[in-house]
Engineer: 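Okay, handing you the structure first.
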Amino acid sequence: MNRTQIAEVVFDLPVAHPFSYSVPPHLTVVPGQRVQAPLGGAVRPGVVVGLRALDTAGVKPLAAALEPGPIMSRSQLDFARWISAESCSSLGSTSAALLPPVLPGEPMPSACEWSGNRAETPELFVGADRLARVRREIEAHAGGVLLLTADIATAADWAASLSALGPVARLDSGIADRDRRRAWNALAAGAARLAVGTRSALLAPIPPPAMLVLIDEHEAAHKPPGAPRIHSRDVVLRRAALEGARLLLPSATPSVEIWWLADGGRARLHPVDPGSWPAVSVADTRGMLRADPLTPALGRAAYDALARGRRVCLLVSRLSSALACDDCGSVPRCPECGIALAFSRVEKTLACRFCARRDAAPDTCGACGGRRLSAFGWGAERVEHALRRRFPRARIARYDPDAMRGARLAKQRQEATGADIVIGTRGALRLFEPASLGLAGFVTPDQFLRVADFRASERAFALMWAAAERVRPDGQVVIQSQHHDHYILRAVIDQDRAEFYKHELRFRAESGYPPFRRLCRVTARGRSASAARALADTCVGRLRDARLTVYPAIAERRGLAWRILVKGRADLPAHVSRALEDGGPADRRGRGMIEIEMDPVD
DNA sequence: AGCACGCCGACT
DNA sequence: GTCGGCGTGCTC
């Protein structure tokens, strides 16, 4: 029997284990190198993750090396392993998502190892001058810089702006494969010092001493669909520690997780330049908003702004799914979980998304006995109609960049750019520079406060803060709300972030939400309702056996899918993977499929 | 994820 | 009698 070298190879598949191949005598491969290997009748690209000596029984040979050397150093491969474990994604899918395209004929610069002997404290920049300060830090930094954004458009802006400081390697998918790959090589070879990208750049080789920058750390877009299911914030925190890199986090409204780190001295909050702040007021809507989306206060503010030739942005939300009392403003909440109960108009029920609680919707308000309970909806269309009647001579446009793409979006954008009044969702704020608007108005923000999601308050706070930053110092922000004393509103009125985080952290601690506990969502799908149910029951049983906090499964898609929420500590991914075995993002066991989503953001 | 091998309905 | 539906299971 021949003793040869065996290469362990992972592929872009939802399969947890590597596949073994013999290394033909004419080939030399090392861990971290990309290869071609036969699998399931076809030759597919994969990554060598290990080598060992063994007999060759029943093993096929590698077909070819895709590149002359490893694309990942030992440090990068270990780090990819960590990301894979932490996100319950396969190592193959993780590597495929975080490595540049293969280009035959390109040279392979050697990828360097990370030293990480002195861990730096992550740094928060939250003030009005945060981007200018981060830019100065980048300018002053001697080594390489990796700057990550949540979307391609922002990456393009940064690449353009940083090019004044030297060659910029763009690593996001907004540029051609060839250029992206060359940018990666330029970095590894030390020919470029500045790198800009989105999450696909998380593994990029940066010349030491490295500096990492994550723009708008709080953005949910830092955890886009697709493997690996992990927020870029968690990745850069780890990478900075391993690599001994400085990590800069500019964000007007950091995530509660990051603020908590700063509270505990594990992140450093740089001195804050508060910047200018408009007058923020709450317009009481109790008993209003039946026939008109504008309270007298907001209507007057819009009139004044238009009369002074200033622009107006009205923020609306997508449809509400919670119930509220029109008389006292109270919202039915889950007694167990503390979150607003989701209202289903069709089924006439109130349901909690976290525990499986589901009750018939009441006829009267539990707090004041009022009989007017409604899930109200002032969507963009209805608001626009009402405003056209009220301001017949104003140029009014709707803008909802998250709901459309392509030519329709471009057209809408153009109309919105020239409009006096823009009605839009959160993406509409991107149209406006800081301190440029005459008025920002929130039509029915109570819907944000009521969304059946514990992160809703964080998002509402971020949105209101972002709106206020875009209003001129002599302009106004008007928030129409029944909750005039809500801590989010107080924090925005007083321009006091700490006020928000103090309350939010107390709520999270009391209810056992992140950052104090970790969450995982397991989805069990089946062909039939009974198969799905059985699979879900199996999962719940195994997770309970692992002594994790497991909430009862909630049916979706008429019983074809079941959502299971699991709570645990920092080591939750390992426990969930072990409990469900081979748990990939879409592990098929028998007749069904399991999906594991660590730290869900929605 | 692909892709092959499996056992039950309408066609030349 | 075969062609083909997709349900199930494997890929080194």
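To find a chain, count down the sequence lines: A is the first, B the second, and so on, and within it residues start at 1. For the numbers below, each heavy atom of this structure counts, side chains included, while hydrogens, waters and symmetry mates do not.
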Engineer: Separation of A:Arg44 atom CZ from B:dA1 atom P, in whole Å?
Structural biologist: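 The answer, rounded to whole Å, is 11 Å.
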Engineer: Quick one: list whatever passes side chain to side chain donor-acceptor pair (under 3.5 Å) with A:Asn185, sequence neighbours left out.
Structural biologist: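 Once residues adjacent in sequence are excluded, the partners of A:Asn185 under the side chain to side chain donor-acceptor pair (under 3.5 Å) criterion are A:Glu106, A:Arg181.
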Engineer: Whenever both distances are under 3.5 Å in a Watson-Crick or G-U wobble pair, mark it; put DNA chain B into dot-bracket that way, with [ ] for crossing pairs and | when the partner is on another strand.
Structural biologist: |||||||||||.
Engineer: I need the CG-P distance between A:Leu13 and C:dC12, as an integer number of Å.
Structural biologist: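 Nearest whole value for this atom pair: 11 Å.
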Engineer: Starting at CG of A:Leu39 and ending at P of B:dC3, how long is that distance when rounded to a whole Å?
Structural biologist: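 Interatomic distance, CG of A:Leu39 to P of B:dC3: 11 Å.
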Engineer: Which residues satisfy the side chain to side chain donor-acceptor pair (under 3.5 Å) test with A:Arg199, sequence neighbours excluded?
Structural biologist: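 Counting only residues at least two positions away or on another chain, A:Arg199 forms no side chain to side chain donor-acceptor pair (under 3.5 Å).
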Engineer: Expressed in angstrom and rounded to an integer, what is the separation of A:Leu535 atom CG from C:dT8 atom P?
Structural biologist: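 Rounding to the nearest Å, CG of A:Leu535 and P of C:dT8 are 13 Å apart.
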Engineer: Test of understanding: with side chain to side chain donor-acceptor pair (under 3.5 Å), list the residues that count as partners of A:Arg413, not counting sequence neighbours.
Structural biologist: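 Here the qualifying residues are A:Tyr399.
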Engineer: Could you tell me whether A:Arg542 and A:Asp537 make a salt bridge, using a distance below 4.0 angstrom between a side-chain N and a carboxylate O?
Structural biologist: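 Salt bridge absent between A:Arg542 and A:Asp537.
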Engineer: Rounding to a whole Å, what distance do you find between A:Phe11:CZ and C:dC10:P?
Structural biologist: 18 Å
Engineer: Given atom CZ of A:Phe19 and atom C1' of C:dC10, what is their separation to the nearest angstrom?
Structural biologist: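 Roughly 8 Å, once rounded to whole Å.
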Engineer: Show which side-chain atoms of residues 30-45 of chain A pair as donor or acceptor with protein atoms under 3.5 Å away, not counting sequence neighbours.
Structural biologist:
residue : atom : partner  : partner atom : Å
A:Gln33 : OE1  : A:Val30  : N            : 3.1
A:Gln33 : NE2  : A:Glu67  : O            : 2.7
A:Arg34 : NE   : A:Glu67  : OE1          : 3.1
A:Arg34 : NH1  : A:Pro100 : O            : 2.6
A:Arg34 : NH2  : A:Glu67  : OE2          : 3.0
A:Arg34 : NH2  : A:Pro100 : O            : 3.1

Engineer: Please report the distance, rounded to the nearest Å, between CD in A:Gln36 and P in C:dT11.
Structural biologist: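 Between P of C:dT11 and CD of A:Gln36: 20 Å.
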Engineer: Please name all residues satisfying salt bridge (charged side-chain N to carboxylate O under 4.0 Å, His left out) with A:Asp179, sequence neighbours left out, ordered by chain then number.
Structural biologist: none
